Amino acid sequence: MLTKGPYEATITEESILNYWLENKFFKPEYHPEKGLQTEAEMRADQRDPFTIVNPPPNAYMRPHIGNVSGYAYQDVLLRYNRLLGKKVLGQPGKDHAGIQGEVVVEKIFLENKKKSKQDLGREKFYKASYAHFQKLMPMVMADEKRIGLSSDYERNLFTLDPRVVNTILNTFVSLYSDGMVYKGVRIVNWDPVAKTTLADIDTERVERETELVYIKYPLKQEIDGINHITVATTRAETMLGDTAVIVNPKDERYKKLIGAIVVLPLTNREIPIITSERVESEFGTGAVKLTPAHSYDDYVMMNEWNSVAKENEKIGYINVINKQAKMYGPIPERYNGLSTEEARSKVLVDLEEQGLIEKKEAHTQSVMVGERSKAVIEQIMSSQWFIDVERLKQPAIEAVKSGKIQIHPKYMTKKYLTWMENLHDWPVSRSLWWGYRIPVWYKGELSEDIDEKGQVVETVGGEKVENINDAVNKGLAKIQIDPPGTTFAVIRHGATEHNQEHRLTGRIDTPLSESGIKECEIYANNLQESFDLIISSPQKRAFQTAEIIAAKQNSKPNIITDERLRERDFGIAEGKNWEELIAENPELAKSNSPLFQPELPEAETITEVESRVEDWIKETAEKYTGKKILVVTHAGVYRVIRRQLGGMNADESRTDIANLQMERYHIKEEGWIQDEDVFDTWFSSGQWPYATLRANNINDCFFPTDVMETGHDILELWVSRMIMLSLYTENKIPFKHVYLHGLVKAPDGQKMSKSKGNVIAPEEIITKYGADSLRLLYVVGNRAGSSYPVSYEKLEGYKRFLNKIWNAAKFVLSNLEDLNIDHLANTDIKNLNLAETDRTMLDHMNLLIADTTRRLDNFNLGIAAQELYDSFWHTFADIYLEEVKMRLYTKDKNGNPINTSEQEKQSRFAAQWTLYNCFREYLILLHPFIPFISERIWQDLPKTDKESKTIMYSRWPQR
RNA sequence: GGGCAGCUAGCUCAACUGGUUAGAGCAAUUCGUUUACACCGAAUAGGCUAGGGGUUCGAGUCCCUUGCUGCCCACCA
């Protein structure tokens with residue numbers, strides 16, 4: 001029974017959550033009538049799918065109240081669609097968080113173990129970080145559960161999970177083979193302390209007092225009595241790398257100097273005067289020294305100039321600062337090796353001596369520093385991996401323009417399109433250890449140097465390479481998932497039934513069972529690897545398996561059979577020879593086992609099998625060096641092969657799809673070194689929707705997904721990438737709708753941030769007001785895209801609303817106690833003696849159902865929730881319940897029986913009927929928003945046998 | 001500098017494609033109530049929807065314009 005007194009949200013919610021989890025209601029396998037199905041049954045289940053891939057939160061820290069808000073919106077949609085009768089999947093995940101993740105973990109190691117990442121070494125650091133993240137993930141997941149997010153936690157995935165690796169890396173390899181990946185020299189933000197390149201987002205700006213120095217650059221030839229041009233700079237030392245002086249083409253003062261040659265002081269290099277609209281004539285002298293290698297703006301201006309300039313007028317860059325932030329390259333010897341500050345002073349002294357300094361003035365400059373290291377960022381030229389987005393962006397623009405993907409709120413569409421249309425090539429490499437290491441292998445060490453002209457050059461094993469294609473062509477680089485060498489991927493044939501009978505007949509050529517074929521097909525569909533060759537046992541089932549897989553391979557590999565892979569004795573499957581097996585189980589000898597059929601080869605001992613398999617491996621590895629081979633055989637030989645390969649000091653990895661396990665063994669070729677960089681996190685999270693579903697082998701039933709729900713702040717960074725990569729890899733849109741929520745602000749309206757110390761933990765709110773109240777705060781009256789502050793007044797109000805529902809439930813249930821629920825369910829509305837107030841209530845209900853449905857369908861969650869709130873409280877509770885009371889009571893104040901006449905009884909029944917139906921519908925309508933309390937009351941609501949035991953799988957009311 | 005959004009009751013926000021008298025919560029004032037709920041109910045007050053102009057039978061909503069506020073992008077060498 002519902003307890004008397006105020007509603008105890010926290011206690012109730014915890015037990016309801018356990019009830020849901022224990023019954024596996026969050027799994028798409030759960031069916032309202034059939035209960036929990038197997039994965040195969042779920043796959044065959046004809047209900048419409050509905051999928052939301054949850055944006056993966058950072059796994060290293062517990063989310064704050066704003067991070068959790070998204071789950072509330074996602075869950076409203078998940079639960080609503082479940083009530084509509086769909087097969088619903090919420091796919092959760094946790095993010096490794098790139099640079100932030102690396103910094104956080106390193107700090108912890110430094111504090112706890114007094115070891116830096118260099119002390120640990122790359123491999124150990126990665127493993128330790130992985131373990132650390134695995135430990136933290138359940139904590140982050142606990143918060144997701146607590147807010148009620150009804151995602152399938154058993155399918156939760158970490159972004160670096162081995163099951164998603166192949167998908168992510170494969171995309172890069174295939175982008176490369178489609179000519180959409182290149183390595184190019186580009187200006188980067190280099191953090192000389194952290195020794196890494198930084199994305200702009202990982203930097204911040206600080207104000208610094210400095211001096212703006214006016215320097216005279218002499219002209220080679222005097223023009224109209226002018227013999228120099230004066231530039232203003234705060235970074236005099238970079239003049240050693242100047243390649244032009246740039247002025248605004250409209251600036252009258254310099255018009256006649258455009259195209260003139262300047263002799264750069266100190267180095268005596270000759271550089272031209274060129275133009276750019278970007279130069280502001282009012283600042284300094286209106287003439288700017290151009291150092292494309294060390295200033296992002298200059299770099300941009302160089303590219304712009306070069307894109308329109310004639311071939312002989314193009315300018316280049318000269319890199320004069322190295323990765324230690326020291327002066328380096330084609331510069332006078334006396335500056336070599338100085339820090340930038342030392343060089344600046346020295347340059348100024350030298351210029352002063354030559355009388356080239358016109359004046360100095362104080363200037364406030366904002367300099368870029370690393371967000372974590374606080375070190376001054378040097379912009380330098382470096383070779384980076386890029387993805388050419390030209391061919392990716394058009395389909396992604398089209399998908400949104402055509403309305404195949406809809407963005408809510410609609411005005412954000414423009415934000416997306418503007419960003420996409422201005423999108424430039426995407427630099428995807430990051431100098432980190434924590435992430436997907438770029439699958440490129442070099443024959444010898446890759447090194448990046450500055451040559452005598454200040455140009456970035458790369459060498460592989462000491463040999464200079466022009467670009468990555470050049471390196472590949474020369475055999476110095478390979479772009480592939482596995483390390484160079486021969487790869488054996490081993491699976492056994494696809495039969496699952498292993499009853500005794502099957503095993504006994506299995507050794508002769510029986511075909512795959514129906515379920516075996518199905519299993520193989522699922523496997524082949526979900527296999528994210530391509531093979532050069534398939535080698536199969538000549539036995540039927542193995543060969544069939546090989547054929548099914550080969551048919552799904554884009555590389556169309558040949559299948560060859562090898563007699564040595566034949567399994568001759570089922571006994572070795574158990575690791576025993578047949579004699580031992582019969583000794584254990586004498587019944588076998590009496591059976592019709594083909595084991596005793598004379599036409600078959602003799603059974604072997606394990607040693608014999610091992611020796612023939614060993615021969616085969618050696619021969620194959622030699623014959624097919626550098627290939628990737630899939631080996632398909634029967635279970636016993638399969639095990640022997642694995643054992644043998646495992647003993648060959650080879651790298652191992654394993655994937656399981658359906659009931660089939662694949663183990664890969666790389667027999668590495670000596671001398672190959674993998675690229676040191678990892679991918680930008682957006683490269684992996686940009687593949688998250690299909691990468692997760694593939695890893696769980698359910699891409700075929702749940703992709704494309706229905707809704708991507710996330711904060712509007714990462715529309716460009718994340719959503720755009722998912723659309724591009726999905727259209728490229730899957731040739732499908734990743735989702736049909738994008739719902740962008742606003743950001744939750746602190747109670748004072750300020751942005752919530754750790755540094756401001758105004759971060760609120762969800763736990764804090766939930767223990768005080770309940771998860772349902774918090775969900776209402778997120779949803780009620782808020783519209784997509786708009787930010788809103790945390791309001792304790794509102795939370796208080798929503799807590800009271802829950803209490804109102806609780807008490808209304810007590811009233812309704814206590815007045816239905818004498819009711820036969822089957823009788824009520826079978827009573828037609830026409831036979832009821834409805835009062836005016838009943839009809840008004842029922843009409844109101846019809847309207848409410850229609851409104852709520854329409855609003856949820858249109859993603860107007862805030863209005864839907866608002867109307868439900870108002871309707872329940874002010875129409876149902878305040879008006880209808882009050883009006884109906886006197887008809888329901890069976891005793892007056894003094895305990896005397898009332899409502900005893902036949903007419904009164906009929907009226908009472910009509911009231912009960914209306915009360916029951918409306919209340920029941922309210923619970924369902926409210927359930928997506930406040931799942932806990934609605935479920936708790938549902939448990940006590942009288943129900944017919946046909947009705948779902950959990951409100952999660954009840955039916956959305958139809959009108 | 002470019003783009004986007006916002007400006008509505010004292011405060012925080014709604015009003016879905018133009019359509020009754022612009023609504024909630026909190027705060028305020030008055031009254032009531034104990035067979036669901038004092039974590040309640042009823043009522044009152046509070047608005048030239050930032051200013052100005054336009055389109056329309058009709059504008060918070062569409063167009064123009066001015067002024068603030070916030071966010072994103074590009075940023076002074």
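Naming: A, B, ... by sequence-line order, numbering from 1 per chain. Please read all numbers here as calculations on a predicted model, not as lab measurements.
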Handout entry: Parallel, tilted or perpendicular: ring planes of A:Phe811 versus A:Tyr889, cut at 30 and 60 degrees
Key =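 Answer is perpendicular, since the angle exceeds 60°.
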Watson-Crick or G-U wobble partner for [N], using a 3.5 Å limit on both distances?
| N | result |
| --- | --- |
| B:G6 | B:C68 |
| B:G18 | none |
| B:C31 | B:G41 |
| B:U49 | none |
| B:G1 | B:C73 |
| B:C13 | B:G23 |

Exercise for the section: Could you say whether A:Gly781 or A:Thr234 is positioned toward the 5' end of RNA chain B, judged by the nucleotide with the nearest heavy atom to each? Expected result: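 Between the two, 5'-proximity favours A:Gly781.
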Practice task
Encode nucleotides 16-30 of chain B as B, S and - characters from 5' to 3', where the letter depends on protein heavy atoms closer than 4.0 Å: B to the base, S only to sugar-phosphate, - to neither.
Solution key: B-------SSS----
Could you tell me which residues satisfy side-chain hydrogen bond (donor to acceptor under 3.5 Å, both in side chains) with [X], sequence neighbours excluded, listed by chain and number?
| X | result |
| --- | --- |
| A:Ser786 | A:Arg783 |
| A:Arg721 | none |
| A:Asn807 | A:Lys810 |

Completion exercise
From the list A:Thr837, A:Asp838, A:Thr875, side-chain hydrogen bond (donor to acceptor under 3.5 Å, both in side chains) partner of A:Tyr880 resolves to A:Asp838
Exercise for the section: Scan A:Ser791 against the nucleic acid and name what it touches under 4.0 Å (heavy atoms): base, sugar-phosphate only, or nothing. Expected result: nothing
Exercise for the section: Pick base, sugar-phosphate or nothing for A:Pro6, based on heavy-atom distances below 4.0 Å to the nucleic acid. Expected result: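 Contact class for A:Pro6: base.
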Handout entry: Distance below 4.0 Å between A:Arg278 side-chain N/O and B:A77 OP1 or OP2
Key =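 Indeed not, no polar side-chain atom of A:Arg278 lies that close.
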Exercise for the section: Considering just the side-chain nitrogens and oxygens of A:Arg235, establish if one lies under 4.0 Å of OP1 or OP2 belonging to B:A77. Expected result: no
Exercise for the section: Indicate yes or no: at least one non-hydrogen side-chain atom of A:Ile805 is less than 4.5 angstrom from one of A:Trp873. Expected result: no
Problem - Within-4.5 Å side-chain heavy-atom neighbours: A:Lys289 and A:Leu264 - result: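 No; the side chains remain at least 4.5 Å from each other.
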Problem - Rounded distance in Å - CG (A:Leu740) to C1' (B:A5) - result: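 These atoms are roughly 13 Å apart.
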Practice task
Rounded to the nearest angstrom, tell me the gap between atom CZ in A:Arg783 and atom P in B:G60.
Solution key: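 Checked: the CZ to P distance equals 16 Å.
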Close N/O contacts between protein and nucleotides 33-38 of chain B (under 3.5 Å):
residue: B:U35; atom: N3; partner: A:Lys891; partner atom: O; Å: 3.4
residue: B:A36; atom: OP1; partner: A:Tyr889; partner atom: OH; Å: 3.1
residue: B:A36; atom: OP2; partner: A:Tyr889; partner atom: OH; Å: 3.4
residue: B:A36; atom: O2'; partner: A:Asn807; partner atom: OD1; Å: 2.9
residue: B:A36; atom: N7; partner: A:Lys885; partner atom: NZ; Å: 3.4
residue: B:A36; atom: N6; partner: A:Ala877; partner atom: O; Å: 3.3
residue: B:A36; atom: N6; partner: A:Glu882; partner atom: OE2; Å: 3.1
residue: B:A36; atom: N3; partner: A:Asn807; partner atom: O; Å: 3.3
residue: B:A36; atom: N3; partner: A:Ala808; partner atom: N; Å: 3.3
residue: B:C37; atom: OP1; partner: A:Lys4; partner atom: NZ; Å: 3.1
residue: B:C37; atom: O4'; partner: A:Asn807; partner atom: OD1; Å: 3.2
residue: B:C37; atom: O4'; partner: A:Asn807; partner atom: ND2; Å: 3.4
residue: B:C37; atom: O2; partner: A:Lys804; partner atom: NZ; Å: 2.8
residue: B:C37; atom: N3; partner: A:Lys804; partner atom: NZ; Å: 3.1
residue: B:C37; atom: N4; partner: A:Glu882; partner atom: OE2; Å: 3.3

Handout entry: Sidechain-backbone polar pair: A:Thr238 side chain, A:Thr291 backbone, donor-acceptor under 3.5 Å
Key =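 Side chain of A:Thr238 to backbone of A:Thr291: no pair is present.
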Problem - Neighbour count >12 (heavy atoms, 6.0 Å) for atom NZ, A:Lys768 - result: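 Atom NZ in A:Lys768 is not packed in, count stays at 12 or less.
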Problem - Sorted by number, the residues of residues 410-419 of chain A with heavy-atom contact under 4.0 Å to RNA chain B - result: A:Tyr411, A:Lys414
